[in-house]
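See below for the structure under consideration.
One is the number of the first residue; the rest follow in order along the sequence. Just follow the structure's listing: the first ligand is 1, and inside any ligand the first atom is 1.
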Amino acid sequence: MSLPADLHMHTPLCRHAVGEPVDYARHALAIGLSEIGFSDHSPMPLDDFDNWRMFDRQLDDYVAKVRLAQREFPQLTIRLALEVDYLPGHEDWIRRLAARHPWDYFIGSVHYVSDSWDIDNPAKLSEWKKRDAFGVWSAYFDRLAMAAESKLFEVIGHADLPKKFGIRPAQDCTPLYEKFLAAAAKAGCAIELNTAGLRKDCKEIYPSRELLGLAFQKNVPITFGSDAHAPAEVGMDFAGAVALARTVGYTETTRFNQRQAEAAWL
Ligand SMILES: [Zn+2]
Ligand SMILES: [Zn+2]
């Protein structure tokens, strides 16, 4: 069985990953992948917004590192992308980022439910204790629907990220998933099966089987991503992710070339 493309991986420019793109590419070939894509954390309009992304002035260095990997490993398809934070009001900034290089795709991710709280940041875990979990999940999925509706992204990243630390609301979240997925379906936006969740407290792929099953019913396309922050994480747990996708009915995955989607058999 050939594994799908790993479209979510990082570089040291984001200040919390190790290994150069050439090292990720070498590992991808060693485990039999034929396609990968770099999607490091994009710059923000102000460099001091937080401390877990590249600086704006490093965007060209990032592209150069990916181009170097492409030259070193011509037998591997290597895509150029970004994981871009979606915050309401950032749309023009994101459009300007899109115009700066010939990207293959953008992953739109919601980490921030306000301008100051990135819900997956372990240093801010105490914020969860101050709030009602359902309120946080609702705010997160509202922003995720807005990200899909913006049509700025080919893929929506780790669609149920609020489960990262295992803090789950008692309420039924199905209506939150439905609203987001309707927006994704309408916009023609894919969601990713992100295996990094298996390495977090939630010990589960993002998104859950329930959310993925609803996505299949609504014809939302899927991609696969390890969210690798180290070369050895490339393609990690992909066999299980493919099995999960097949279980809910998927037979195709999606890849991107110059922001055009291409379906591939799973
Ligand atoms: Zn990261
Ligand atoms: Zn992310």
Self-check item: For His229, ring-ring contact (aromatic ring centres under 6.0 Å, His included) partners two or more places apart
Solution: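 Per chain and number, His229 pairs via ring-ring contact (aromatic ring centres under 6.0 Å, His included) with His10, His16, His41.
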Quiz item: Quick one: angle His111 NE2 - the Zn ion (ligand 2) - His158 NE2, to the nearest 10°?
Solution: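 Vertex at the Zn ion (ligand 2): approximately 90°.
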Exercise. Give me the protein N, O or S atoms that fall under 2.8 Å of the Zn ion (ligand 1), sorted by chain and residue number.
Key: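 His16 NE2, His41 NE2, His229 NE2, with waters left out.
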Quiz item: When the ring planes of Tyr105 and Phe256 are compared, do they come out parallel, tilted or perpendicular, using 30° and 60° as the limits?
Solution: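 Taking Phe256 first and then Tyr105, their aromatic rings sit tilted (interplane angle of 30° to 60°).
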Quiz item: What is the ring orientation for Phe180 with Phe141, classed by angle as parallel under 30°, tilted 30 to 60°, or perpendicular over 60°?
Solution: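 Aromatic pair Phe180/Phe141 classed tilted.
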Quiz item: Can a cation-pi geometry be assigned to Arg259 and Phe106, taking NZ or CZ under 6.0 Å from the six-membered ring centre and within 45° of the ring axis?
Solution: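 Output yes; distance and angle both within limits.
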Exercise. Test the Arg168-Trp137 pair against the cation-pi criterion, namely NZ or CZ under 6.0 angstrom from the six-membered ring centroid and within 45° of the ring axis.
Key: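 Judged by the rule, Arg168 and Trp137 form no cation-pi pair.
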Practice problem: Quick one: closest heavy-atom pair of Gly235 and Asp6, and the distance? | Solution: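 Taking Gly235 first and Asp6 second, the nearest heavy atoms are N-OD2, 2.8 Å.
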